[in-house]
*Asks:* 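One structure, pasted below without further comment.
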Amino acid sequence: MWTLVSTGDTTTQLPGFYFDPEKNRYFRLLPGHNNCNPLTREQLQEKEREKQRNKMLAEDEKPRKKAPRTGLNTSLLLQKRHLGLLPENSYCRLIHEVKVSGMRRHKVEIQSSDSNSNPNTDNFRLIVGDSACERVFTVNDVSHGGCKYGIMNFSSSSRGSLSVEMCDNLYFTNRKVNSICWASVNYPDSHVLLCLVGMADTPGCVSLLPASLFSNSNPDQPGMLCSFKISSAWSCAWCLNPQFDKTFSTGLSRRVIIKDAETGRTQTYSAGSDVLAQQFALRVPVLFNGCRSGEIFSIDLRQRGRRDQSWKASRFHQESAITSVRVLQDENYLLAADMLGQIKLWDVRVTKPVQEYKGHHNEHAYLPIHVNEPEGLLLAVGQDCYTRLWSLKDGHLLRTIPSPHPTANDLIPSVVFSSQLGGCRGLPGLLMAVKHDLYYFPYNTDYQEGGEQHAKFYENIENASSHR
């Protein structure tokens with residue numbers, strides 16, 4: 001076994017040893033399978049990662065109002081732009097870098113209407129916000145196996161404070177939740193669509209649940225509540241196009257099912273690989289699918305009757321299994337992430353990547369990506385438990401946020417980002433769930449001072465940061 005060691009200003013390799021710079025000496029390094037050896041390469045790597053994480057956490061505690069690489073603040077950037085000294089592309093990227101670098105971590109206390117329950121005892125597995133980001137659907141692991149799921153309600157003030165209340169009606173299941181999306185059946189985000197994996201004698205299913213089901217205090221009738229037996233569902237998506245506004249899809253092993261939730265009409269499409277990620281476009285009824293093979297293909301719902309492969313409206317490939325696809329507002333562009341850590345922006349008209357976002361870390365995990373076009377941001381949490389934010393327009397990595405907890409494969413944070421977190425009075429910010437804790441990273445509240453000057457400041461940002 002060879003390992004890199006440091007001696008002064010030089011780097012050397014010695015077989016079976018490593019150099020500890022703190023103790024200024026060499027130590028023998030034995031194979032990791034030796035149970036009697038307290039010192040292994042894996043432990044050393046973990047120690048170094050933890051040291052780096054703690055260093056970054058300490059740096060994040062320091063207030064920052066300037067772009068780290070340039071030292072410029074918002075006032076100087078605006079001044080340079082008005083004087084014509086800063087190109088629009090650079091101005092947009094640096095403004096976002098200032099805003100993102102100013103976000104600081106705040107721990108959020110989760111309130112519960114049930115005084116006898118403690119919602120913070122089980123680890124978060126997944127959180128998904130509704131379109132207004134006033135509600136977040138949560139999935140938590142439970143200690144005896146299986147998981148529980150419910151809804152957290154958020155409210156925010158213009159000064160940046162955020163209050164959170166867990167719903168009083170949680171549901172438990174012994175099945176794994178593979179995928180979640182909000183569904184607009186009766187009104188926007190009236191329901192939640194869940195993919196549940198079968199366990200032993202319990203079959204898998206896709207359930208459409210009214211959001212009102214999770215609150216005992218809600219006087220409204222639950223509305224449509226249905227469940228479809230579908231084994232091994234990897235992904236799901238809800239269609240918001242007016243022509244097919246009661247339609248949802250599920251991605252399974254080597255096939256795609258598209259179903260009308262009201263009539264039950266079902267269409268099945270064969271695929272060459274497991275369909276791990278899905279999303280519908282909005283303006284046209286087209287479903288994009290990402291596969292374990294790396295293939296990305298689209299299905300035009302207006303061509304349902306075709307039996308051959310011609311129903312694939314477009315198809316292209318990445319080098320590894322696709323974990324997430326996101327259609328931009330300009331639906332000629334699609335973001336896709338894979339298990340090699342690659343995130344690419346595709347022009348679906350010519351089926352070519354036009355932008356790549358470097359730095360994401362993934363080896364084998366099923367990890368989503370998140371897009372916020374009003375703020376011009378792309379976000380992803382890596383398998384290394386770091387949350388990264390890129391400029392959507394030019395691909396620059398703006399910030400890397402370490403997890404507040406030590407890195408572990410079962411403690412990968414789940415995040416939500418919104419331009420108005422907690423509703424119309426909320427600030428742009430990031431919500432992070434990790435272990436049994438919830439954290440809030442708002443934009444610097446100093447930016448909220450200044451009345452008309454603040455409004456004009458954000459108007460300038462929005463005018464300059466349109467993606468395309």
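Along the sequence shown, residues carry numbers from 1. This structure is a prediction, so every number in the text was calculated from the model and none was measured.
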*Asks:* Has Ser184 got a side-chain atom pairing as donor or acceptor with Asp189's backbone, closer than 3.5 angstrom?
*Replies:* yes
*Asks:* Test of understanding: with ring-ring contact (aromatic ring centres under 6.0 Å, His included), list the residues that count as partners of Phe316, not counting sequence neighbours.
*Replies:* Trp346
*Asks:* Tell me, with the steps shown, if Leu430 and Ile401 meet side-chain contact (heavy atoms from CB on, under 4.5 Å).
*Replies:* CA-CA 11 Å; Leu430 172 73; Ile401 301 175; 3.8 Å; yes
*Asks:* Would Asp274 and Arg292 pass as an ion pair if we require N to O under 4.0 Å?
*Replies:* yes
*Asks:* Which residues pass the side chain to side chain contact (heavy atoms under 4.5 Å, CB included) test with Val128, sequence neighbours left out?
*Replies:* Leu126, Ile180, Trp182
*Asks:* Is Asp60 salt-bridged to Arg105, cutoff N-O under 4.0 Å?
*Replies:* no
*Asks:* Between Ser207 and Cys226 (side chain of the first, backbone of the second, donor and acceptor by atom type, cut-off under 3.5 Å), is there such a pair?
*Replies:* no
*Asks:* When Asn123 is tested against each of Asp437, Val142, Leu411, Asn140 for side chain to side chain contact (heavy atoms under 4.5 Å, CB included), which residue passes?
*Replies:* Leu411
*Asks:* Is it true that Phe417 and Phe441 have ring centroids separated by less than 6.0 Å?
*Replies:* no
*Asks:* Can you name the side chain to side chain contact (heavy atoms under 4.5 Å, CB included) partners of Ala237, sequence neighbours left out?
*Replies:* Ser249, Gln278, Phe280, Leu287
*Asks:* Could I get the full list of side chain to side chain contact (heavy atoms under 4.5 Å, CB included) partners for Ala380, not counting sequence neighbours?
*Replies:* Ile343, His360, Ile369, Trp390
*Asks:* Of all heavy-atom pairs between Ser253 and Trp234, which one has the smallest distance, and what is that distance?
*Replies:* OG-NE1, 3.6 Å
*Asks:* Who pairs with Arg175 by salt bridge (charged side-chain N to carboxylate O under 4.0 Å, His left out), at least two apart in sequence or on another chain?
*Replies:* none
*Asks:* Can you find a pair of side-chain heavy atoms, one from Val371 and one from Leu335, that are under 4.5 Å apart?
*Replies:* yes
*Asks:* Yes or no on side-chain contact (heavy atoms from CB on, under 4.5 Å) for Leu427 and Tyr440, after CA distance, side-chain angles and deciding distance?
*Replies:* CA-CA 11 Å; Leu427 298 178; Tyr440 173 40; 4.2 Å; yes
*Asks:* Can you list the residues that meet the ring-ring contact (aromatic ring centres under 6.0 Å, His included) rule with Phe228, with sequence neighbours excluded?
*Replies:* Phe248
*Asks:* Does a salt bridge link Asp260 with Lys246, judged by any charged N lying under 4.0 Å from a carboxylate O?
*Replies:* no
*Asks:* Should Glu97 and Arg399 count as an ion pair when the cut-off is N to O under 4.0 Å?
*Replies:* no
*Asks:* With sequence neighbours left out, write down each residue that passes salt bridge (charged side-chain N to carboxylate O under 4.0 Å, His left out) with Glu331, or none if nothing qualifies.
*Replies:* none
*Asks:* Write down the atom of Gln383, the atom of Ala365, and the distance for their closest heavy-atom approach.
*Replies:* OE1-N, 3.6 Å
*Asks:* Closest heavy-atom contact between Pro413 and Val381?
*Replies:* O-CG1, 3.5 Å
*Asks:* List for me each residue that meets side-chain hydrogen bond (donor to acceptor under 3.5 Å, both in side chains) alongside Asn178, sequence neighbours excluded, and say none if there are none.
*Replies:* none
*Asks:* Does any non-hydrogen side-chain atom of Met152 lie less than 4.5 Å from one of Leu438?
*Replies:* yes
*Asks:* If you apply the rule side-chain contact (heavy atoms from CB on, under 4.5 Å), what do you find for Ser314 with Phe297, and how did you get there?
*Replies:* CA-CA 5 Å; Ser314 61; Phe297 67 89; over 6 Å; no
*Asks:* Mind checking whether Cys147 and Lys176 have side chains closer than 4.5 Å, heavy atoms only?
*Replies:* no
*Asks:* Return the set of residues passing ring-ring contact (aromatic ring centres under 6.0 Å, His included) with Tyr386 (not counting sequence neighbours), or none when no residue passes.
*Replies:* none
*Asks:* What is the minimum heavy-atom distance between Pro442 and His106, and which atoms define it?
*Replies:* CD-CD2, 3.5 Å
*Asks:* Could you tell me if the side chain of Gln279 sits less than 4.5 Å from the side chain of Arg326, heavy atoms only?
*Replies:* yes
*Asks:* Locate the shortest heavy-atom distance separating Ala261 from Leu208; write the atom from each residue and the value.
*Replies:* CB-CD2, 4.0 Å
*Asks:* Side chains of Asp130 and Val136: closer than 4.5 Å at any heavy-atom pair?
*Replies:* no
*Asks:* Would a 4.5 Å heavy-atom cut-off, applied to side chains only, mark Thr266 and Ile257 as touching?
*Replies:* yes
*Asks:* Would a 4.5 Å heavy-atom cut-off, applied to side chains only, mark Val348 and Ser298 as touching?
*Replies:* no
*Asks:* Write down the atom of Thr323, the atom of Leu367, and the distance for their closest heavy-atom approach.
*Replies:* OG1-O, 2.9 Å
*Asks:* Taking salt bridge (charged side-chain N to carboxylate O under 4.0 Å, His left out) as the cut-off, I'd like each qualifying pair that reaches into residues 336-355, sequence neighbours left out, listed once.
*Replies:* Glu319-Lys344, Asp347-Arg349
*Asks:* side-chain contact (heavy atoms from CB on, under 4.5 Å) for Arg125 and Thr138? Distances and angles first, verdict last.
*Replies:* CA-CA 8 Å; Arg125 175 62 55 191; Thr138 70; over 6 Å; no
*Asks:* Got a sec, which residues hit ring-ring contact (aromatic ring centres under 6.0 Å, His included) with Phe172, two or more places apart in sequence or on another chain?
*Replies:* none
*Asks:* Using atom types as modelled and distance alone, determine if a side-chain donor or acceptor of Gln355 lies under 3.5 Å from a backbone N or O of Lys393.
*Replies:* yes
*Asks:* Which residues pass the side chain to side chain contact (heavy atoms under 4.5 Å, CB included) test with Pro368, sequence neighbours left out?
*Replies:* Ser324, His370
